[in-house]
Amino acid sequence: MSRKHSLSALVGQGTVEQTDEPTSRAAYVRRGASKAMQKSLVDIAESAKLVSKGDVIRTLDPKLCLPSIVSDRAFESIDEGIEQLANSIKEDGQQVPILVRPHPSDVGFYQIAYGHRRVRACLKLKIDVRVAVKELTDEELVVAQGKENAERKNLTFIQRCLFAERLSMTFPRVVVISAVGGGDKSIVSKLTAITRKIPEDIIEAIGSARGIGRVKWENLAKLCDDNVGDLSGVRSSIAQRQNSGSWADLLSHERFQLVVDLLTQTNKQRTIPKVSPVVKRGKTAANAQPTKIQNGDRFTAHVRLNREKPNIELEGPEATKFSSWLLDQLPDLVERYEKDKQKDDSA
């Protein structure tokens with residue numbers, strides 16, 4: 001299927017709506033393969049109704065519908081709303097068909113662009129699933145997947161973060177932006193920042209956390225940073241609850257809040273570890289030997305009080321994390337320094 005006909009293939013013959021958008025838009029699109037890809041993706045994201053009224057809808061055994069190339073449904077196995085969706089389909093039927101393409105490698109099977117939960121609900125009910133079948137490239141599939149999720153707004157925030165991260169591992173940035181950003185170039189960085197700061201095992205333990213939005217996840221990410229990578233206590237508490245069965249009794253948003261509470265408590269209880277500085281000074285400040293401050297086996301600080309160029313050098317497995325923490329604390333340290341300086345000057 002040629003790329004210049006990708007929009008027609010997605011929306012059906014004669015279903016493309018005319019807009020007042022100036023044709024000069026193509027003037028700033030790059031040449032060659034990038035131009036074709038970007039224009040196709042923009043068209044899909046901006047104006048496609050992927051399953052249109054004119055499409056031929058058929059039914060398939062849901063067992064023939066295999067997952068997308070990139071999962072947008074982290075924690076599907078513990079979806080807390082699948083029972084409700086199944087009951088809705090049982091009572092009212094499947095109102096909206098799913099979108100699939102012929103599977104690129106498994107003959108006789110289909111690959112889901114969107115509608116994974118509807119497939120699972122139909123599997124649960126042991127009924128066929130209503131589908132629209134279209135020829136889609138990999139890029140078109142994931143953009144369609146992201147567009148439908150954005151319109152239905154049924155992904156949780158952390159699921160969007162994980163979807164963006166997984167897309168970023170495979171597709172160029174223009175595709176990721178079209179799939180999850182709706183044209184907002186900054187949203188991809190914001191989403192993937194969460195998954196970089198919060199360890200994957202902590203996210204998996206919490207789950208989809210429906211109802212927990214960006215601000216609360218960013219707060220959790222900061223709490224993880226404040227712990228300077230030491231999350232052993234939190235992991236131990238989670239493991240104990242998992243072994244006792246009490247963790248599974250909590251809903252996902254309750255597990256999220258419990259992790260926040262555990263990290264907050266850990267931060268309050270943390271005390272600065274005792275260190276034994278080794279001081280070796282020369283006769284003059286210009287030739288001063290460094291002060292060595294060692295924090296167990298986590299990191300070692302070498303402080304040189306040279307008049308011309310005082311400096312601090314850090315080494316060890318947690319040197320980078322401590323450096324980041326120290327940078328965050330600098331504004332407060334400067335304020336304390338100014339207050340102490342004022343007291344000394346007035347004494």
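Residue numbers start at 1 and run along the sequence shown.
- For Arg241, the salt bridge (Lys or Arg N to Asp or Glu O under 4.0 Å) criterion is met by no residue, not counting sequence neighbours.
- Between Ile112 and Pro67, every side-chain heavy-atom pair lies at or beyond the 4.5 Å cut-off.
- The two residues Val129 and Gln94 make their nearest non-hydrogen contact at CG2-OE1, 3.4 Å.
- The side-chain heavy atoms of Val100 and Leu136, taken from C-beta on, include no pair separated by under 4.5 Å.
- Here the straight-line distance linking atom CG of Leu141 with atom OG of Ser68 works out to 4.5 Å at 0.5 Å rounding.
- Electrostatic pairing of Glu218 and Arg214 counts as a salt bridge here, judged by a charged N lying under 4.0 Å from a carboxylate O.
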message: Run the side-chain contact (heavy atoms from CB on, under 4.5 Å) test on Val175 and Leu167 for me, step by step, so that the C-alpha distance in whole Å, both residues' side-chain angles and the decisive distance to 0.1 Å come before the verdict.
response: CA-CA 8 Å; Val175 176; Leu167 285 174; 5.7 Å; no
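- Here the CG atom belonging to Asp128 is positioned 4.5 Å from the OG1 atom belonging to Thr59, to the nearest 0.5 angstrom.
- The CD1 atom of Ile82 sits 5.0 Å away from the CZ atom of Arg117 when rounded to the nearest 0.5 Å.
- In this structure, Leu125 CG and Asn87 CG are separated by 7.5 Å, a value rounded to the nearest 0.5 Å.
- Summarising the geometry of Glu135 relative to Glu140, their closest heavy-atom pair is O-OE1, 4.2 Å, with the distance given to 0.1 Å.
- Contact of the Ile127 side chain with the Cys122 side chain is registered, since non-hydrogen atoms from C-beta on lie closer than 4.5 Å.
- When atom types are taken as modelled, the side chain of Glu91 and the backbone of Ser88 share no donor-acceptor pair closer than 3.5 angstrom.
- Side-chain contact annotation: Asp261 with Gln265, donor-acceptor N/O pair under 3.5 Å absent.
- With 3.5 Å as the limit, one finds a donor-acceptor pair spanning the side chains of Arg101 and Gln111.
- With hydrogens and angles disregarded, a donor-acceptor distance shorter than 3.5 Å links the side chain of Arg118 to the backbone of Val96.
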message: Apply side-chain contact (heavy atoms from CB on, under 4.5 Å) to residues Arg210 and Ser252 and explain how you reach the verdict.
response: CA-CA 7 Å; Arg210 191 161 298 280; Ser252 185; over 6 Å; no
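- Between His116 and Gln145 the shortest side-chain heavy-atom distance falls below 4.5 Å.
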Under 3.5 Å, sequence neighbours excluded: what are the donor-acceptor pairs made by side chains of residues 194-203?
residue : atom : partner : partner atom : Å
Thr195  : OG1  : Thr192  : O            : 2.9
Arg196  : NH1  : Thr192  : OG1          : 3.4
Asp201  : OD1  : Arg235  : NH2          : 3.2
Asp201  : OD2  : Arg235  : NE           : 2.6

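- At a threshold of 4.5 Å between non-hydrogen side-chain atoms, the residues Ser236 and Gln240 count as touching.
- Separation of atoms CZ (Arg255) and CD (Gln242) is listed at 9.0 Å; rounding is to 0.5 Å.
- Take Phe163 and apply the ring-ring contact (aromatic ring centres under 6.0 Å, His included) test, not counting sequence neighbours, and it matches no residue.
- The closest side-chain donor-acceptor pair between Thr300 and Glu315, if any, does not fall under 3.5 angstrom.
- Contact check for Ile69 versus Val142: side-chain heavy atoms found under the 4.5 Å cut-off.
- One distance of note links CD1 of Ile212 with CD1 of Ile206; it measures 9.0 Å at 0.5 Å rounding.
- The two atoms that bring Trp217 and Gly207 nearest to each other are CZ2-O, 4.5 Å, heavy atoms only.
- The two residues Gln159 and Thr156 come nearest to each other via the heavy atoms OE1-N, 3.0 Å.
- Inter-residue side-chain proximity for Ile98 and Val119 is flagged as met; some heavy-atom pair is nearer than 4.5 Å.
- Considering all non-hydrogen atoms of both residues, Val259 and Trp247 come closest at CG2-CH2, 3.9 Å.
- In Glu313, the CD atom is not crowded: 12 or fewer heavy atoms of neighbouring residues, nucleotides or ligands sit closer than 6.0 Å.
- Nearest approach of Arg58 to Tyr110, heavy atoms of both residues: NH1-OH, 3.4 Å.
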